[in-house]
Student: 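Take this structure first; my questions come after.
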Amino acid sequence: DTSATTVEDYLKGTASWRTDLYSECGTLVSHAESIDLIKAYGAKFTPELKTYTQGDLALSYDEVRAKIAQEYLDANVDPSKVWLQSFNHPDIEYWLAQFPETFGKQAVRLDGEYCDGTLSGCALDDEFSTMRAAGVEYIAPPMQMLLQVKNGGYAPSEYALAAKAAGFKIITWTLERSGFLSSGGGWYYGTSNDFTNNDGDMYEMLHTLVSKVGIAGIFSDWPATVTFYANCMVTPERYSLMGERASGKFGRVELGPRVDYLVNDMESSSLKTLLTGCLHDPSLMMKPHDMSIGHRGACMQFPEHTAESYRAAAAQGAGIIECDVAVTKDGELVCRHSQCDLHTTTNILATSLASKCKAPFVASDGTTEASAECCTSDITLAEFKTLCGKMDGADTSATTVEDYLKGTASWRTDLYSECGTLVSHAESIDLIKAYGAKFTPELKTYTQGDLALSYDEVRAKIAQEYLDANVDPSKVWLQSFNHPDIEYWLAQFPETFGKQAVRLDGEYCDGTLSGCALDDEFSTMRAAGVEYIAPPMQMLLQVKNGGYAPSEYALAAKAAGFKIITWTLERSGFLSSGGGWYYGTSNDFTNNDGDMYEMLHTLVSKVGIAGIFSDWPATVTFYANCMVTPERYSLMGERASGKFGRVELGPRV
């Protein structure tokens, strides 16, 4: 942050569409260490030699050029798996001269000309001829130099056609480095800024680069985007026998890289050994699992209760997905975490609907925090649908609406929150049903005020919308913190919705019998027919004998015969300082992100939970498929080499 007045603030400045989730203390590596790591995962190498200023350093430029190659030889790496690269042509000349049949043959000349892709702007002929005559096989310009917009679409530029005609193998850079593409994509899309207008355009552009320019490879800040395209469009292969396929819209669950990060972050333990084995097992299925419940979708990185968040949860294998239910002015049900949170979860304050808010925006005066309050009950369903979902948060020091709407935690991201698609409860049912998942709507506290619907009518409507959508009630877990809601569903739907109604426990006690006073309440609820109870994680755990253990509350709930659901994993950011509220009974013990798997293992194997809400369902989906109901393909065909049993694309694709 170049406006900073302190070192602490200077070290901030991560773009809002990126995330600091993994940057608490990234592990720096030497070049030699990077070789060992990449080799262990079965990948290949493309080191770029940056401009070297010798100054008082002992190594000469030629010694650096030689050393970068030698470290691959020292590691017994086949030079055919290495593409040395540089913007400085003397580096390329050195490798061609010293390693003509190995490293030199694959040396990549990065093109820093940064021209507009036209022949007149790039003056290519002499340079291309000279490089080809010198033995240069690979050239790597930025994407924009390879493209133009022609006839209403992306097309190869004159530069691209000339490079192909000269016989170069072309690599380009850099995909997924531009954030939102709605405003054209910035520098990397420089020759197509007026045409590019949405994030999905990168696949149209990539398709042109592959199918018409003929690139050999492309650098990407998020490789999964390219990996998916390449496996779909370039060299598709399919297993000859896949065993039972998961139902629903996805052919496979996409966990993404976070699972590998968490397992590697664990301290040595028998569980870490088991989970590592699952990571490396290509035959292990990753299927949707009911233990994995998408909390507001996948709201760690996607705006909560949006279509995008629900799709991300389904992609990550959430077997059950949550819609918190609130009521609009015209009596329609919509998905929001509370009746009055639109000012922090949508862009309402930046629209004309701000005038309808219960409490308008008031700027901070330096002493009093900025504030506003906007409710679903302030607007109609049609008006609600015009809003954009954003990551939940507000900057209460703000003096403008624009700044107030910021406030996303640094370990989250705004990458998907340019305009999240808000949904009604009925629309959430259709979407979740299409992906083959199940449902757990939570009825939020309803303040009727001037609204036409009575509380009982809301309670009835939430169930009726599943019946209207032909959803089997056995796939629905209605939930509420308010016991009268549970009583209503038990009375009105005793053999269907009532039987699976989930009583959320908002007691927030410390998990001890003395602190929670459970006996009478548990007996009363069980006698009334309540089967499911859902306290927060901390109430189910204690630290005992140097590890996580079931709390007295957990043991009492099991003894009473409850099926237990808990909440919420992946909602605490970094766990190095104890994990905050959700880890309240284990703050002094929890000290790294990987601890959440040790905690989850205790909740499953010793508490016996039936499910757990997570802001990032993949974390639970992986555990459940590894440790709860592992299934393996009977025939996998040729297996990928390296450390991963399968490529994990994640939900971005």
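Just so it is clear, the structure is predicted and the values come from calculations on it, not from any experiment. If you read the sequence from its start, that first residue is 1, and numbering goes on from there.
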Student: Please determine which of His305, His337, Gln479 meets the side-chain hydrogen bond (donor to acceptor under 3.5 Å, both in side chains) test together with Glu322.
Tutor: Gln479
Student: Are Asp430 and Lys433 within salt-bridge range, i.e. N to O under 4.0 Å?
Tutor: no
Student: Less than 6.0 angstrom separating the ring centers of Tyr261 and Trp616, yes or no?
Tutor: no
Student: Counting only heavy atoms not in Lys606, do more than 12 sit closer than 6.0 Å to its NZ atom?
Tutor: no
Student: Can Met525 and Ile486 be said to form a side-chain contact (heavy atoms from CB on, under 4.5 Å), step by step?
Tutor: CA-CA 10 Å; Met525 283 196 287; Ile486 307 296; over 6 Å; no
Student: Is it the case that the side chains of Ser309 and Arg296 hold a donor-acceptor pair, with the cut-off being a distance below 3.5 Å and no angle test?
Tutor: no
Student: Determine the sole option in His295, Gln301, Arg258 for which the side chain to side chain contact (heavy atoms under 4.5 Å, CB included) test with Glu570 is passed.
Tutor: Arg258
Student: Is Gln448 atom CD crowded by more than 12 heavy atoms from other residues, nucleotides or ligands, each under 6.0 Å away?
Tutor: yes
Student: Are side-chain heavy atoms of Tyr488 and Leu478 found at a separation under 4.5 Å?
Tutor: no
Student: Closer than 4.0 angstrom, basic N to acidic O: yes or no for Lys461 and Glu457?
Tutor: no
Student: Walk me through whether Asn587 and Gln538 qualify under side-chain contact (heavy atoms from CB on, under 4.5 Å).
Tutor: CA-CA 10 Å; Asn587 289 151; Gln538 58 161 296; over 6 Å; no
Student: Considering only distance and modelled atom types, tabulate donor-acceptor pairs under 3.5 Å from the side chains of residues 495-504, sequence neighbours left out.
Tutor:
from	atom 1	to	atom 2	distance (Å)
Gln500	NE2	Ser474	O	3.2
Gln500	NE2	Val476	O	2.9
Arg503	NE	His483	ND1	3.1

Student: Is the count of non-hydrogen atoms from other residues, nucleotides or ligands lying under 6.0 Å from Lys475 atom NZ greater than 12?
Tutor: no
Student: Could Glu427 and Lys385 be called an ion pair, given the rule that one side-chain N must be under 4.0 Å from one carboxylate O?
Tutor: yes
Student: Do Cys375 and Cys357 have their SG atoms under 2.5 angstrom apart?
Tutor: no
Student: With a 4.5 Å heavy-atom cut-off, do Arg412 and Asp615 have their side chains touching?
Tutor: yes
Student: Could you tell me whether the side chain of Thr566 and the main chain of Pro535 form a donor-acceptor pair under 3.5 Å?
Tutor: yes
Student: So does Thr344 get a backbone contact from the side chain of Lys390, meaning a donor-acceptor N/O pair under 3.5 Å?
Tutor: yes
Student: About how many Å separate OH of Tyr582 and CE of Met539, when rounded to the nearest 0.5 Å?
Tutor: 13.0 Å
Student: Is the shortest heavy-atom distance from the side chain of Tyr416 to the side chain of Arg652 under 4.5 Å?
Tutor: yes
Student: Please report the interatomic distance OG1(Thr346) to CG(Leu405), rounded to the nearest 0.5 Å.
Tutor: 8.0 Å
Student: If you look at every heavy atom in Gln316 and Ala298, which pair is closest and at what distance?
Tutor: NE2-CB, 3.7 Å
Student: I want to check something: taking the side chain as every heavy atom from C-beta on, are Phe481 and Thr445 in contact at a cut-off of under 4.5 Å?
Tutor: no
Student: Walk me through it: do Asp330 and Thr328 pass the test side chain to side chain donor-acceptor pair (under 3.5 Å)?
Tutor: CA-CA 5 Å; Asp330 51 347; Thr328 62; 2.6 Å; yes
Student: Are Phe622 and Leu279 packed together at the side-chain level, in the sense that at least one heavy-atom pair is separated by less than 4.5 angstrom?
Tutor: yes
Student: Backbone N or O of Pro484 within a donor-acceptor pair of the Asn482 side chain at under 3.5 Å?
Tutor: no
Student: Before giving the answer on side-chain contact (heavy atoms from CB on, under 4.5 Å), spell out for Thr512 and Gln542 the whole-Å C-alpha distance, their side-chain angles and the decisive distance to 0.1 Å.
Tutor: CA-CA 9 Å; Thr512 64; Gln542 62 176 315; over 6 Å; no
Student: Supply the atom-to-atom distance His289 NE2 to Thr629 OG1, rounded to the nearest 0.5 angstrom.
Tutor: 3.0 Å
Student: Just verifying a value: how many Å separate Thr306 OG1 and Leu422 CG, rounded to the nearest 0.5 Å?
Tutor: 7.5 Å
Student: Got a second to check how far Ser514's OG is from Glu552's CD, nearest 0.5 Å?
Tutor: 6.5 Å
Student: Can you see whether Asp414 engages Ser417 through a side-chain donor-acceptor pair at a distance of less than 3.5 angstrom?
Tutor: yes
Student: Side chains of Asp456 and Ser454: donor-acceptor distance under 3.5 Å anywhere?
Tutor: no
Student: Just by distance, do the side chain of Asp593 and the backbone of Leu575 share a donor-acceptor pair under 3.5 Å?
Tutor: yes
Student: Check for a donor-acceptor pair, side chain of Trp411 on one end and backbone N or O of Phe574 on the other, with a separation under 3.5 Å.
Tutor: no
Student: Does one side chain, of Gln339 or Ser377, offer a donor that lies under 3.5 Å from an acceptor on the other?
Tutor: yes
Student: What verdict does the side-chain contact (heavy atoms from CB on, under 4.5 Å) test give for Arg526 and Glu531, after you've listed the backbone C-alpha separation in whole Å, the side-chain angles of each residue and the deciding distance to 0.1 Å?
Tutor: CA-CA 7 Å; Arg526 292 295 290 129; Glu531 295 281 336; 3.9 Å; yes
Student: Does any donor atom in the side chain of Thr413 or Thr19 lie under 3.5 Å from an acceptor atom in the other side chain?
Tutor: no
Student: Would you say Val604 and Tyr623 make side-chain contact, with heavy atoms under 4.5 Å?
Tutor: yes
Student: Testing the 3.5 Å rule here: is there a donor-acceptor pair between the side chains of Asp595 and Tyr583?
Tutor: no
Student: Please find the pair of heavy atoms, one from Ile348 and one from Leu342, that lie closest to each other, and give the distance.
Tutor: CG2-O, 3.5 Å
Student: Specify the closest pair of heavy atoms between Trp567 and Ala534, including all atoms of both residues, with the distance to one decimal.
Tutor: NE1-O, 2.9 Å
Student: With a 4.5 Å heavy-atom cut-off, do Thr621 and Leu255 have their side chains touching?
Tutor: yes
Student: Identify whether the distance between the nearest side-chain nitrogen and carboxylate oxygen of Asp485 and Arg459 falls below 4.0 Å.
Tutor: yes
Student: Do you know which two heavy atoms are closest between Arg336 and Glu304, and how far apart they sit?
Tutor: NH2-O, 3.0 Å
Student: With distance as the sole test, does Tyr446 use its side chain to make a donor-acceptor pair with the main-chain N or O of Leu453 at under 3.5 Å?
Tutor: yes
Student: Find out whether Phe562 and Val530 are in side-chain contact, i.e. whether some heavy atom of one side chain is under 4.5 Å from a heavy atom of the other.
Tutor: yes
Student: Is it true that the side chains of Thr619 and Tyr597 contain a donor and an acceptor less than 3.5 Å apart?
Tutor: no
Student: Asn347 side chain to Cys388 main-chain N or O, any donor-acceptor pair under 3.5 Å?
Tutor: yes
Student: Working to the nearest 0.5 angstrom, can you tell me the gap between Ile432 CD1 and Arg311 CZ?
Tutor: 12.0 Å
Student: Could you check whether Lys329 pairs with Glu383 (Lys NZ or Arg NE/NH1/NH2 to Asp/Glu carboxylate O, under 4.0 Å)?
Tutor: no
Student: Specify the closest pair of heavy atoms between Ala370 and Phe361, including all atoms of both residues, with the distance to one decimal.
Tutor: CB-CE1, 3.9 Å
Student: With no hydrogens and no angle check, is any side-chain donor or acceptor of Thr376 less than 3.5 Å from a backbone partner on Val327?
Tutor: yes
Student: Would the number of heavy atoms belonging to other residues, nucleotides or ligands and lying under 6.0 Å from CG of Asp588 be above 12?
Tutor: no
Student: Which atom pair, heavy atoms only, marks the closest approach of Leu467 to Pro473?
Tutor: CD2-CG, 4.1 Å
Student: State whether the side chain of Thr440 and the backbone N or O of Trp477 hold a donor-acceptor pair below 3.5 Å, judged by distance alone.
Tutor: yes
